[in-house]
Student: 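Pasting a structure here, questions to come.
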Amino acid sequence: MTIKILKPGLFTTIQDEGRYGYEDAGFSTSGAMDIFSYQLGTCLLEKDKSPALEMTMIGPTVQFLVPNTFVITGAKFNAKLNGEPVQPQTVTYVSKGDVLEVGAATEGIRGYLNFGKALDATYIADSYATHTRSKIGGFKGRTLQKGDIIPSKNEALNHDLIGRTTDFETILTRTSNVIRVMAGPQFDKFSKESHEMLSRDTYKVTESSDRMGYRLKGNQVPPIESADIISEPVALGSIQVPNDGNPIILMNDKQTVGGYTKIATVIKADLPKVAQIKPGEEIKFEWVTVEEATEVYKGMLQRFSEVKHALKRTPKRDITGIRHTAKKINQVIERDIEL
């Protein structure tokens, strides 16, 4: 066994990069909502596509039942390990019995807790991702609950990674809530006025938003005729508009097909940004072309690739994040170097 959930947090599930290639069989992709924050954690721990805890607004309190390492990425939390502050985006070592209290997010809404000794979660259709509506993947296909004990894989820890850190600026450094969108499959089913209104006005994220969809409230943009269409496959980030005219951004736990008109699609590069916007905050849309969306995404992939290469070539170490015994060793080494 590896971890015990003392407090589950608000909505904590096990996620990875997602379940792709099975939508024709009715499987939702699921996976980490802020994919770049999740991948940053896997890069720091050199754990490709490993299961992580996705934490929403309030993170869990976790007790480690075996020695391990972990890293927190994504939303900012005032996390504490045995009462001491934890540095974000830093590989931290824990001993048996240590308690990590993640607490409430202070910036953003979704964070990721990756482990050096990976969780042994349920693997379905090439993914560990939890989809709570169909009750598959992760841990019993549900959100984590108090008292859950989740096993880890039988693998060795890489102690050389302890203290490894990065100052990579995640999506949380956004200066605005402007979300770029492309024309959707039923773009022509909406009036020119609706097209202009979608990008001119702001929309509030409602409290009923979740991993399936972000429900927005603002000036309505109903289609010219009925919103009902023959059901067809829907893409991640599709902005679906039912008859009431209130847009819904379809997110990771979306259905695989839908029967409502779709005025636009959020570009892939901005989906992590949407995932970090809280209920009550406002979104403003900006129209872009497919070519512009492609270039933005290529640029994001390039920057992230540079971060991964930098971690391998010149890894940074955060001495303050290392446990007391390791600190003493570093002090001895530094003193010997001076001599």
Side-chain angles (χ1 to χ4, degrees), residues 11 18-20 22-31 33 109 131-134 177-294 296-297:
F11 193 97
R19 187 171 285 108
Y20 290 91
Y22 296 91
E23 288 186 272
D24 59 339
F27 286 95
S28 171
T29 54
S30 300
M33 295 268 279
I109 184 176
H131 187 258
T132 57
R133 283 177 171 80
S134 55
N177 281 3
V178 173
I179 302 300
R180 290 162 289 191
V181 296
M182 306 174 292
Q186 286 79 44
F187 180 81
D188 293 336
K189 300 290 184 181
F190 295 82
S191 66
K192 183 178 180 181
E193 182 183 2
S194 290
H195 299 157
E196 293 174 349
M197 187 178 296
L198 188 70
S199 61
R200 183 183 65 230
D201 299 336
T202 58
Y203 290 85
K204 182 176 290 187
V205 177
T206 69
E207 296 290 339
S208 57
S209 300
D210 55 19
R211 281 183 50 89
M212 187 173 183
Y214 268 46
R215 295 179 178 271
L216 309 179
K217 197 72 174 178
N219 284 329
Q220 298 173 347
V221 287
I224 297 172
E225 298 177 358
S226 173
D228 297 315
I229 60 172
I230 296 174
S231 291
E232 64 180 16
V234 292
L236 180 63
S238 290
I239 300 181
Q240 181 175 270
V241 185
N243 285 308
D244 66 5
N246 292 311
I248 303 170
I249 305 175
L250 300 184
M251 301 299 286
N252 296 56
D253 284 359
K254 64 175 178 58
Q255 69 276 25
T256 56
V257 296
Y260 287 128
T261 48
K262 296 169 286 294
I263 188 173
T265 304
V266 174
I267 71 172
K268 193 170 184 178
D270 280 358
L271 285 169
K273 189 175 182 179
V274 174
Q276 294 292 358
I277 296 175
K278 301 176 183 178
E281 291 186 339
E282 293 184 334
I283 284 177
K284 185 174 177 59
F285 294 109
E286 177 185 321
W287 291 106
V288 297
T289 65
V290 173
E291 292 75 20
E292 289 171 330
T294 301
V296 170
Y297 188 61

Student: Measuring only between side-chain heavy atoms, which start at C-beta, is Val221 closer than 4.5 Å to Pro247?
Tutor: yes

Student: Just checking Lys204: does its NZ atom have more than 12 heavy atoms from other residues, nucleotides or ligands closer to it than 6.0 angstrom?
Tutor: no

Student: Can you measure from CG (Asn243) to CD (Gln220) and round to the nearest 0.5 angstrom?
Tutor: 11.0 Å

Student: Salt bridge (charged side-chain N to carboxylate O under 4.0 Å, His left out) with Arg200: which residues, sequence neighbours excluded?
Tutor: none

Student: Measure the spacing between OH of Tyr297 and NZ of Lys268 and express it to the nearest 0.5 Å.
Tutor: 3.5 Å

Student: What residues, two or more places apart in sequence or in another chain, satisfy side-chain contact (heavy atoms from CB on, under 4.5 Å) together with Pro223?
Tutor: Phe190, Ala227, Val241, Thr261

Student: For residues Ile283 and Ile277, report the shortest heavy-atom separation together with the two atoms involved.
Tutor: CG1-CD1, 3.7 Å

Student: Minimum heavy-atom separation for Asn252 to Leu236, with atom names?
Tutor: N-CD1, 3.5 Å

Student: Under the side-chain contact (heavy atoms from CB on, under 4.5 Å) rule, collect the residues that match up with Asp244, sequence neighbours excluded.
Tutor: Pro242, Asn246

Student: How far apart are the closest heavy atoms of Lys273 and Val178, and which atoms are they?
Tutor: NZ-O, 2.9 Å

Student: Where do Leu216 and Ile239 land on the side-chain contact (heavy atoms from CB on, under 4.5 Å) test, with the steps shown first?
Tutor: CA-CA 10 Å; Leu216 309 179; Ile239 300 181; 5.7 Å; no

Student: Just to verify, what does Ser226 make a side chain to side chain donor-acceptor pair (under 3.5 Å) with, not counting sequence neighbours?
Tutor: Asp228

Student: Test of understanding: with salt bridge (charged side-chain N to carboxylate O under 4.0 Å, His left out), list the residues that count as partners of Arg215, not counting sequence neighbours.
Tutor: none

Student: Scan for salt bridge (Lys or Arg N to Asp or Glu O under 4.0 Å) pairs involving residues 249-259, sequence neighbours excluded, and state none if there are none.
Tutor: Glu23-Lys254, Arg211-Asp253

Student: Kindly indicate whether the side chain of Gln255, heavy atoms from C-beta on, has any atom under 4.5 Å from the side chain of Leu250.
Tutor: yes

Student: Roughly how far apart are Ser209 OG and Lys217 NZ, rounded to 0.5 Å?
Tutor: 12.0 Å

Student: Return the set of residues passing side-chain contact (heavy atoms from CB on, under 4.5 Å) with Glu193 (not counting sequence neighbours), or none when no residue passes.
Tutor: Ser191, Met197

Student: Under the ring-ring contact (aromatic ring centres under 6.0 Å, His included) rule, collect the residues that match up with Tyr22, sequence neighbours excluded.
Tutor: none

Student: Are any side-chain N or O atoms of Thr256 and backbone N or O atoms of Pro233, one a donor and one an acceptor, separated by less than 3.5 Å?
Tutor: no

Student: Under the rule for side chain to side chain donor-acceptor pair (under 3.5 Å), what residues qualify as partners of Ser134, not counting sequence neighbours?
Tutor: His131

Student: Please walk me through it: do Ile248 and Tyr260 pass side-chain contact (heavy atoms from CB on, under 4.5 Å)?
Tutor: CA-CA 10 Å; Ile248 303 170; Tyr260 287 128; over 6 Å; no

Student: Restricting to salt bridge (charged side-chain N to carboxylate O under 4.0 Å, His left out), what partner residues turn up for Asp201, sequence neighbours left out?
Tutor: none

Student: Checking Ile267 against Met182 for the side-chain contact (heavy atoms from CB on, under 4.5 Å) test, could you report, in this order, the C-alpha distance in whole Å, the side-chain angles of both residues, the deciding distance, and whether it holds?
Tutor: CA-CA 7 Å; Ile267 71 172; Met182 306 174 292; 3.8 Å; yes

Student: At what distance, to the nearest 0.5 angstrom, does OG of Ser194 lie from CD1 of Ile224?
Tutor: 7.5 Å

Student: Would a distance-only check, ignoring hydrogens and angles, find a side-chain to backbone donor-acceptor pair under 3.5 Å from His195 to Phe187?
Tutor: yes

Student: Has the side chain of Trp287 got a donor or acceptor atom that lies under 3.5 Å from a matching backbone atom of Ala264?
Tutor: no

Student: Can you give me the closest heavy-atom contact between Gly184 and Thr265, atom names plus distance?
Tutor: CA-OG1, 4.1 Å

Student: Looking at CE of Met212 and OG of Ser28, how far apart are the two atoms once the value is rounded to the nearest 0.5 Å?
Tutor: 8.0 Å

Student: Distance from Leu198 atom CG to Lys284 atom NZ, nearest 0.5 Å?
Tutor: 9.5 Å

Student: Once salt bridge (charged side-chain N to carboxylate O under 4.0 Å, His left out) is applied, do any residues pair with Glu232, and if so which ones, sequence neighbours excluded?
Tutor: Lys262

Student: Can you see which heavy atom on Val234 is nearest to which on Gly258, and at what distance?
Tutor: CG1-N, 3.7 Å

Student: Only counting residues at least two apart or in another chain, list the ones meeting side chain to side chain donor-acceptor pair (under 3.5 Å) with Ser199.
Tutor: none

Student: Can you classify the ring geometry of Phe285 versus Tyr203 as parallel (below 30°), tilted (30 to 60°) or perpendicular (above 60°)?
Tutor: tilted

Student: Quick one: closest heavy-atom pair of Met33 and Asp210, and the distance?
Tutor: CE-O, 4.3 Å

